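Below: one structure, written as structure tokens.
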Protein chains: 2
Amino acid sequence: MTIIEIKPLVRKLGAFVALSAKELSVLDTMHQRRRTFVAGRDLVHQGQTEQAAYVLISGWACSYKLLANGERQIVDFQIPGDFLGLRSVLLHISDHSIAPVTDIEVTEVNLPDLLGAFDRTPRLAIAVLWAASRDEAMVVEHLVGIGRRDAAERMAHFLLELGSRLALVGLGSKAGFGCPLTQYLLADALGLSSVHVNRVLRQLREKGLLRFRDGHVTFDNYGKLTEFADFDPTYLDQVGPILA
Amino acid sequence: MTIIEIKPLVRKLGAFVALSAKELSVLDTMHQRRRTFVAGRDLVHQGQTEQAAYVLISGWACSYKLLANGERQIVDFQIPGDFLGLRSVLLHISDHSIAPVTDIEVTEVNLPDLLGAFDRTPRLAIAVLWAASRDEAMVVEHLVGIGRRDAAERMAHFLLELGSRLALVGLGSKAGFGCPLTQYLLADALGLSSVHVNRVLRQLREKGLLRFRDGHVTFDNYGKLTEFADFDPTYLDQVGPILA
DNA sequence: CGCCTAGTTGAGGTAAGTCAATTCACGTGG
DNA sequence: CCACGTGAATTGACTTACCTCAACTAGGCG
């Protein structure tokens with residue numbers, strides 16, 4: 001049961017560190033408590049001192065920051081297998097908020113459990129460090145997109161990246177993926193207005209590159225799209241465990 | 001000797017995890033090899049498979065990504081005490097380049113040493129994970145700035161953050177700091193053109209908020225500046241070791 | 001002296017924002 | 001069953017923040 005559900009996390013960490021039976025069982029006991037959250041109500045508030053992180057089992061979430069002027073910047077979306085609020089527990093305070101995009105299921109990981117697991121099985125710490133690095137690489141790519149790509153390239157690149165991440169956990173392919181995001185959410189993630197998001201999506205559709213419609217993203221011409229967006233899929237690929 | 005030089009790193013890690021004598025000595029033996037690099041020539045190239053990371057002892061560096069169209073986005077600047085290329089070794093390939101801004105001094109940390117140190121002293125792994133999280137928090141703040149702040153706020157916020165980071169290692173204060181960056185580098189970091197950077201700096205100067213001149217940033221009115229930039233200095237502060 | 005790099009300023013163009021109106025799908029209650 | 005409200009998507013007209021191109025100044029150095 002539990003084994004099946006935490007698979008996405010195990011698969012992710014296992015890609016970096018070949019996990020022993022003991023490590024797998026530590027990982028397993030680490031998150032037992034099961035919780036659900038409904039769409040829209042924050043899991044974590046900016047400024048809150050946090051003692052628990054979560055692993056996302058099903059559904060989508062997003063992490064974001066609010067500015068004084070009321071604007072919102074979405075930093076990243078989380079999909080099944082991703083950590084929620086890992087940085088919050090480590091820094092002991094949350095510098096951002098996390099909200100479910102859909103109804104979600106999570107398992108809870110508290111700080112003592114996490115640190116205890118690290119002490120008993122150091123390789124697990126390395127695996128988590130690796131996972132955190134990978135998340136950071138994604139944020140960096142997002143930063144580059146916002147800083148130096150125009151709206152259309154940014155959108156294309158963003159959806160391609162999301163597609164790749166989903167494909168890694170079996171939820172998408174080069175043909176497309178199910179996508180619960182609204183154009184408003186996309187706007188807040190890409191640093192655009194929702195009006196402009198709509199126009200850009202139309203452009204991409206009219207060029208025959210992709211369609212965004214009824215909760216589904218369809219890549220109509222994956223090759224041309226990656227070229228248009230200057231998308232390099234290799235940076236997400238992990239060839240194999242580097243720690244045998 | 002060596003003790004004095006690695007102080008910034010020790011101070012940083014020590015803020016999170018109270019390090020024992022043994023851990024300090026492991027940390028010390030971890031980076032012996034000393035190297036220098038001259039301004040402008042890359043330490044790490046995008047796409048390179050990397051086996052070594054560095055700790056910056058003196059000088060400034062920057063990490064950046066190049067796009068297909070030739071534009072550059074600087075992701076972050078590194079100052080003394082920061083890691084260079086930590087993510088590159090962990091992911092086993094570099095997704096970005098690193099260049100010295102000034103001539104720099106570094107000590108080298110290779111992957112086997114690092115992983116060995118983690119195995120022997122797990123708490124060190126946690127400390128490094130914490131440091132990586134802190135770096136990520138900074139990248140996130142940068143992302144938010146580029147996505148949702150206008151050029152002047154973005155510039156003000158960025159310089160305030162840099163000032164805070166420098167203050168943590170004794171290289172700056174609320175009065176200002178020495179700053180080897182050119183307006184071109186600022187432009188590539190903030191996602192602006194160098195022309196616009198110049199205009200924005202003039203605005204801020206004429207408002208009596210700050211001056212950027214002759215390699216020095218002067219905060220003329222720190223209070224008004226933090227308000228203008230919506231800058232929250234607390235997110236960088238670490239109250240004390242959370243792991244006794 | 002002359003070149004090179006960093007900085008400064010002006011004029012005009014453009015990508016993206018704002019405001020506003022309209023449609024559509026949907027739930028919900030009278 | 002229909003009237004109504006609400007939230008998402010769509011499109012048009014106008015505004016604006018920032019860009020590009022271009023000219024010019026000032027310092028450092030062979």
Side-chain angles (χ1 to χ4, degrees), chain A residues 38-41 60 62 67 69-74 99 101-102 145-159 178-207 210-218 228, chain B residues 38-40 60 62 67 69-74 99 101-102 145-159 178-206 210-218 228:
Chain A
V38 298
R41 197 178 312 278
W60 291 37
C62 70
L67 277 74
N69 61 22
E71 290 201 278
R72 177 174 68 158
Q73 175 67 48
I74 292 178
V101 169
T102 63
I146 292 185
R148 289 294 177 203
R149 279 190 252 266
D150 71 25
E153 289 167 5
R154 204 184 301 177
M155 175 69 76
H157 195 280
F158 182 77
L159 293 178
C179 177
L181 305 178
T182 66
Q183 295 186 2
Y184 291 87
L185 286 168
L186 276 179
D188 280 345
L190 297 176
L192 299 169
S193 67
S194 64
V195 173
H196 203 60
V197 162
N198 185 281
R199 287 193 239 270
V200 163
L201 287 173
R202 173 152 57 112
Q203 266 180 245
L204 292 172
R205 184 179 352 110
E206 286 172 354
K207 282 193 187 180
L210 68 81
R211 277 167 296 152
F212 179 94
R213 196 169 210 69
D214 300 324
H216 204 87
V217 172
T218 311
F228 174 77
Chain B
V38 299
W60 290 38
C62 70
L67 276 75
N69 60 22
E71 290 201 279
R72 176 173 70 160
Q73 176 66 48
I74 292 177
V101 170
T102 64
I146 291 185
R148 288 296 177 202
R149 281 189 251 266
D150 70 25
E153 290 167 5
R154 203 184 302 176
M155 174 70 74
H157 195 280
F158 182 76
L159 293 177
C179 177
L181 305 178
T182 66
Q183 294 186 1
Y184 291 86
L185 286 167
L186 276 179
D188 281 344
L190 298 176
L192 299 170
S193 67
S194 64
V195 173
H196 203 60
V197 163
N198 185 282
R199 287 192 238 270
V200 163
L201 287 173
R202 173 152 57 113
Q203 267 179 244
L204 293 172
R205 184 177 355 109
E206 285 171 355
L210 68 82
R211 277 168 295 151
F212 179 94
R213 196 172 210 68
D214 299 326
H216 204 87
V217 172
T218 311
F228 173 78

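Each chain gets a letter, A, B and so on, in the order its sequence line appears, and its residues count up from 1. Values in this document were obtained by computation on a predicted structure and should not be read as measured data.
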Please confirm whether the shortest side-chain N or O distance from [X] to OP1 or OP2 of [N] is below 4.0 Å.
| X | N | result |
| --- | --- | --- |
| A/N198 | D/dT10 | yes |
| A/R199 | D/dT11 | no |
| B/Q183 | C/dT8 | yes |
| B/R154 | D/dA17 | no |

Distance (rounded to the nearest 0.5 Å) between B/Q73 CD and B/I146 CD1: 4.5 Å
Could you state the [atom1]-[atom2] distance from [X] to [N], rounded to the nearest angstrom?
| X | N | atom1 | atom2 | answer |
| --- | --- | --- | --- | --- |
| A/R213 | D/dA8 | CZ | P | 17 Å |
| A/D150 | C/dG17 | CG | C1' | 15 Å |
| B/R205 | C/dT8 | CZ | P | 6 Å |
| B/H196 | C/dG7 | NE2 | P | 17 Å |
| A/L181 | D/dG7 | CG | P | 19 Å |
| A/D214 | D/dA9 | CG | P | 10 Å |
| B/Y184 | C/dT8 | OH | C1' | 10 Å |
| B/D188 | D/dC19 | CG | P | 11 Å |

Please find the pair of heavy atoms, one from [X] and one from [Y], that lie closest to each other, and give the distance.
| X | Y | value |
| --- | --- | --- |
| B/G191 | B/R154 | O-NH1, 4.0 Å |
| A/C179 | A/F212 | SG-CE1, 4.0 Å |
| A/T102 | A/P180 | CG2-CB, 3.5 Å |

Name the residue closer to the 5' end of DNA chain C, choosing between B/R202 and A/S194 according to the nucleotide with the nearest heavy atom. B/R202
So what does [X] hit on the nucleic acid, given a heavy-atom distance under 4.0 Å: a base, only sugar-phosphate, or nothing?
| X | result |
| --- | --- |
| A/L201 | nothing |
| B/G191 | sugar-phosphate |
| B/T182 | sugar-phosphate |

Nucleotide nearest B/A151 when distance is taken to its side chain, options D/dC18, D/dT11, C/dT8: D/dC18
Measure from the side-chain heavy atoms of A/L192 and tell me the nearest of C/dG10, C/dA16, D/dT10. C/dA16
Under the 3.5 angstrom rule, does the side chain of A/R211 hit a backbone N or O of A/T218 as a donor-acceptor pair? no
